[in-house]
2 protein chains.
Amino acid sequence: MSITERRHRERAQRHDLIIAAARNLAEAEGWDAVTTRRLAEIVEYSQPVLYSHFDGKDAIVRAVAIEGFVELAAAMQHARSQGGAPAAALRAVCGAYIAFAAARPALYQAMFALPVDVKFASAETPPPLQAAFAELVGVLRPFDAQPDQLAEVTWAALHGLAVLCRGGRIPPQGEDARIDLLVNRIIVGGTGAGR
Amino acid sequence: MSITERRHRERAQRHDLIIAAARNLAEAEGWDAVTTRRLAEIVEYSQPVLYSHFDGKDAIVRAVAIEGFVELAAAMQHARSQGGAPAAALRAVCGAYIAFAAARPALYQAMFALPVDVKFASAETPPPLQAAFAELVGVLRPFDAQPDQLAEVTWAALHGLAVLCRGGRIPPQGEDARIDLLVNRIIVGGTGAGR
DNA sequence: ACACTAAATCTAGCACTGATATATTTTCTG
DNA sequence: CAGAAAATATATCAGTGCTAGATTTAGTGT
């Protein structure tokens with residue numbers, strides 16, 4: 001059965017190759033340029049083979065999005081482990097979030113704009129996304145007795161900053177100051193964990 | 001020249017009819033259902049007439065978005081004029097923003113997701129959007145010496161709440177509590193206008 | 001009132017999209 | 001080595017935004 005194993009391995013490789021192709025193409029030319037035909041051309045197979053790997057184009061985008069959640073969770077965890085004091089850690093995590101969104105706009109777009117069926121706190125929530133959210137909850141715990149709710153609002157604020165800045169709605173140069181402002185409001189306005 | 005005048009009037013009516021058709025169709029079936037052919041069918045003209053009114057589909061969406069900005073500005077202004085104390089007014093404006101986004105999801109999507117070229121603080125910013133932003137700046141002035149920056153962050157937070165809630169990322173039932181939390185953090189964490 | 005110009009509108013079509021049914025090749029099995 | 005089965009490719013479908021050319025409609029000059 002070694003030959004069938006090899007074929008299975010090659011199929012798995014091609015699976016990953018399709019995801020990588022979609023991600024690279026989106027990052028280079030935007031998601032509009034990601035068509036099934038261009039993906040097939042990059043992978044050097046015919047177009048319909050994509051449908052033997054994925055249920056459709058949306059499934060490919062969703063696979064890219066999950067890769068993004070993994071990396072975002074890692075970036076937030078890394079930022080948290082670096083900063084020492086609670087306030088510094090919070091600032092680092094927020095900064096890492098914004099930096100991630102700015103550095104990989106197409107990836108971030110796949111995670112939050114394109115698919116409509118990935119929730120935060122649900123049974124079918126992708127584990128990486130749960131991990132990223134938990135990271136934010138953890139770093140917010142010192143500042144509120146209800147860190148879950150605070151994490152939702154903070155995530156919303158970070159997401160808003162990221163998307164408005166990327167869309168050009170908000171000038172990019174003030175982004176650091178806005179993060180400082182956001183973090184300050186979280187810190188000083190808190191009810192404290194012991195309340 | 002009365003006949004040409006009538007034709008001009010009819011053209012203007014058709015212009016508005018196209019925008020209304022796009023908006024209604026998007027609100028009823030989502031923006032994916034808004035195609036040039038379906039719009040032409042609704043307006044009961046051939047498809048290419050759309051291109052004598054607009055530069056393309058994006059221009060139609062942008063026209064809908066600008067209608068949205070007008071109504072959002074009005075809603076925020078109304079909310080501000082109702083509330084008395086600064087804190088109550090702020091809460092009312094934030095609530096009105098979220099309510100607007102929740103009540104007209106497709107319209108809100110046109111305003112913030114689809115077109116990529118509408119800025120907040122720029123020369124070519126649509127006046128209604130400037131007005132809406134100014135409304136937020138005004139209601140935030142009692143709470144910070146730099147209301148512009150605070151308004152950017154607040155808008156980002158509101159936008160994030162709206163879009164995450166709509167996307168199902170965040171459970172809808174806690175939205176009011178999240179607004180309360182956001183407003184509280186803005187109020188108590190402020191540096192004050194006179195500092 | 002009629003021919004003629006110009007504007008408005010429509011028909012037909014292009015290149016492209018995501019997706020699928022069918023044909024063809026390749027691989028495994030008896 | 002023949003036949004079954006899996007994997008891949010060709011050809012095609014309906015639908016998209018958009019546009020060139022034909023056609024109808026309206027306004028003008030005589």
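Just so it is clear: chains get the letters A, B, ... in the order the sequence lines come, proteins before strands, and each one is counted from 1.
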Rounded distance (nearest 0.5 Å) linking atom CG of A:L129 with atom CG of A:L72: 8.5 Å
CZ of B:R62 versus P of D:dG17: gap in Å, rounded? 16 Å
Go through A:R62 and A:F54 one step at a time and tell me if the side-chain contact (heavy atoms from CB on, under 4.5 Å) criterion holds. CA-CA 10 Å; A:R62 188 156 41 239; A:F54 301 92; over 6 Å; no
Gap between atoms CG and P, on B:L50 and D:dT19 respectively (whole Å): 12 Å
Find the distance A:H15:NE2 to D:dT8:P and express it as a whole number of Å. 15 Å
Which of parallel (below 30°), tilted (30 to 60°) and perpendicular (above 60°) describes A:W155 and A:F133? tilted
Salt-bridge contact A:R38-A:E41 (side-chain N to carboxylate O under 4.0 Å): no
Taking N or O atoms only and anything under 3.5 Å, show me the protein contacts with nucleotides 6-8 of chain C, one pair per line.
none

Could you go over nucleotides 19-23 of chain C and give all protein N or O partners under 3.5 Å, atom names and distances?
residue : atom : partner : partner atom : Å
C:dA19  : OP2  : A:Y51   : OH           : 2.8
C:dA19  : OP2  : A:K57   : N            : 2.9
C:dA19  : O5'  : A:Y51   : OH           : 3.4
C:dA19  : N7   : A:Q47   : NE2          : 2.9
C:dA19  : N6   : A:R37   : NH2          : 3.3
C:dA19  : N6   : A:Q47   : OE1          : 2.8

Verify, without hydrogens or angle tests, whether A:R185 (side chain) and B:I186 (backbone) share a donor-acceptor contact under 3.5 angstrom. yes
Are B:T35 and D:dT16 close enough that a side-chain N or O sits under 4.0 Å from OP1 or OP2? yes
Pairwise salt bridge (charged side-chain N to carboxylate O under 4.0 Å, His left out) hits with a residue in residues 78-93 of chain B, at least two apart: B:R80-B:E135, B:R91-B:D176, B:R91-B:D180
Test item: A:W31 side-chain N/O and A:A106 main-chain N/O as donor-acceptor pair under 3.5 Å: yes
Interatomic distance where CH2 belongs to B:W31 and P belongs to D:dG17 [whole Å]: 12 Å
Would you please indicate if the ring centroids of A:H159 and A:Y108 are separated by under 6.0 Å? yes
Rounded to whole Å, CD of A:E41 lies from P of C:dG18 at a distance of 13 Å
Can you tell me how far C1' of C:dG18 sits from CD1 of A:I18, to the nearest Å? 15 Å
When the nearest nucleotide of DNA chain D is assigned to A:Y45 and to B:R38 on a heavy-atom basis, which residue is associated with the more 5' position? A:Y45
